2 protein chains.
Amino acid sequence: MQQDCLKKDCSHCTQDGYCVDNFLSVLRSHGGRLTKERIVLLKTACDVKGHFHADHLLKLLREQGYKLSLVTVYRNLALLIEAGVIRRASVHEDTRSGGAWYEHVWGREHHDHLVCSCCGVKIEFSYPAIDVLQEAVAKEHGFELERHHLELIGLCPECRKRKGADGRP
Amino acid sequence: MQQDCLKKDCSHCTQDGYCVDNFLSVLRSHGGRLTKERIVLLKTACDVKGHFHADHLLKLLREQGYKLSLVTVYRNLALLIEAGVIRRASVHEDTRSGGAWYEHVWGREHHDHLVCSCCGVKIEFSYPAIDVLQEAVAKEHGFELERHHLELIGLCPECRKRKGADGRP
DNA sequence: TTTCATGCAAATACTTTGCATAAGC
DNA sequence: GCTTATGCAAAGTATTTGCATGAAA
């Protein structure tokens, strides 16, 4: 898996600026084929600004005039994850927001999320010190860390203001 | 909500050592009733050592001779969470383990999880320094932190050994 | 021209809801 | 006795699977 290909300036990523090469190598390793559907899925997933659900991605594709089915979206999300193009970013929330959400990861730095428990707004942050400590914890337990999920849930500034609370209700 | 009641030495928790009082106050605030089903649910949820799913909890109840339905379990999990007896501990994993998992929280310190991506083993840890940094991040963004989900995913010592990998495949 | 991907429909898994009956308070 | 909880069956939502057709390689 060519990790370099996830970077913005990767020389492999020639086709319209999308990381087709990385995706291709994953397909090849499965004996898979590069269909039209997979190409538009790749591009659309990369173009999404924020977070998306499977059906959201389908809607975006339909709006662009492509006619693929939700089944195909589901079947290919796994490939896109394996290719390092997107990642699963969901943690079960109280407000069961319906299914898993994803975000594209290609050409982006690692980050985690702050989620407002009231309005649901999601804010990205990255805090290298936390990552370092996570590595320390993993090492302490003999784990070889692959990835992590961190979601901080609380009240965003707006909701705090609106509720007139400063911590005590 | 009497936070004290979550501690092991809480004087309210008289009935067989279970935190009935705290659960009761939540019920009362909803105009709810303390049924037999809710009592055994409370006890069984507190007795589970590790993590559990809704249907797992039902099985445990059935094994003890109680005959409640899965619907009742689902309906009361929300109450148990509100009473601070259990919490949702699930993060979507690759090995779709089927549904949300819970764990009881009453009388226990806060902790997070290390999950093996290979065998699925879950190890609890607590690392106050990480919690402190999370508070810092929240403050930085004007959030009032309520809770967080942290799951570190990687290879456990056993799976590393078995795979004969030291980091490079 | 063989093999794999797609789309449809149906199946599955988890969770929630409507309604009649049973049980707290 | 009033009102809420339970259990059943059915609905709902997110996701997966079987199978025939269509498209890559």
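In what follows, every heavy atom counts, from backbone to side chain, and hydrogens, waters and symmetry copies are set aside. Just so it is clear: chains get the letters A, B, ... in the order the sequence lines come, proteins before strands, and each one is counted from 1. Note that the coordinates shown come from a computational prediction; the quantities given were computed from them, not determined experimentally.
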Residue list, ring-ring contact (aromatic ring centres under 6.0 Å, His included) with His56(B), at least two apart or on another chain:
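Scan of His56(B) (ring-ring contact (aromatic ring centres under 6.0 Å, His included), adjacent residues dropped) gives none.
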
Partners meeting ring-ring contact (aromatic ring centres under 6.0 Å, His included) with His148(A) (sequence neighbours left out):
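In terms of ring-ring contact (aromatic ring centres under 6.0 Å, His included), with neighbours along the sequence ignored, His148(A) is linked to His110(A).
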
Please tell me if Lys36(A) has a side-chain N or O lying less than 4.0 Å from either OP1 or OP2 of dA5(C).
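No, Lys36(A) has no side-chain N/O under 4.0 Å of OP1/OP2 on dA5(C).
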
Under 4.0 Å from OP1 or OP2 of dT16(C): is there any side-chain N or O of Tyr74(B) that close?
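Result: no.
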
Please list, chain by chain and in numerical order, all residues satisfying side chain to side chain contact (heavy atoms under 4.5 Å, CB included) with [X], sequence neighbours excluded.
X: Ser126(B); result: His111(B), Pro128(B)
X: Tyr74(B); result: Ala54(B), Leu70(B), Leu77(B)
X: Ala78(A); result: none

What's the [atom1]-[atom2] distance between [X] and [N], to the nearest Å?
X: Phe52(A); N: dT15(D); atom1: CZ; atom2: C1'; answer: 16 Å
X: Leu24(A); N: dA24(D); atom1: CG; atom2: C1'; answer: 12 Å
X: Asp55(B); N: dT16(C); atom1: CG; atom2: P; answer: 13 Å
X: Arg28(A); N: dT3(C); atom1: CZ; atom2: P; answer: 18 Å
X: Leu58(A); N: dA14(D); atom1: CG; atom2: P; answer: 13 Å
X: Ile39(A); N: dA5(C); atom1: CD1; atom2: C1'; answer: 13 Å
X: Ile81(B); N: dT15(C); atom1: CD1; atom2: P; answer: 11 Å

Kindly compute the distance separating CG (Leu145(B)) from CG (Leu114(A)), expressed to the nearest 0.5 Å.
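So the CG of Leu145(B) and the CG of Leu114(A) are separated by 7.5 Å.
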
Partners passing salt bridge (charged side-chain N to carboxylate O under 4.0 Å, His left out) against Arg38(B) (at least two apart in sequence or in another chain)
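By the salt bridge (charged side-chain N to carboxylate O under 4.0 Å, His left out) rule, Arg38(B) matches no residue at all.
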
Checking Glu37(A) now: which residues fulfil salt bridge (charged side-chain N to carboxylate O under 4.0 Å, His left out) with it, not counting sequence neighbours?
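Partners of Glu37(A) by the salt bridge (charged side-chain N to carboxylate O under 4.0 Å, His left out) criterion come out as none, since no residue qualifies.
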
Hey, what bend do you get for the helix from dT1(C)-dA25(D) to dC25(C)-dG1(D) if you fit axes on five pairs at each end, rounded to 10°?
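The end axes of the helix from dT1(C)-dA25(D) to dC25(C)-dG1(D) are about 30° apart, to the nearest 10°.
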
Between the side chain of Arg62(B) and the main-chain N/O of Leu57(B), is any donor-acceptor distance below 3.5 Å?
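Such a contact is absent between Arg62(B) side chain and Leu57(B) backbone.
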
In B/S/- notation (B base, S sugar-phosphate only, - none; protein heavy atoms under 4.0 Å), nucleotides 2-12 of chain D written 5' to 3' is -BBSBBBB---

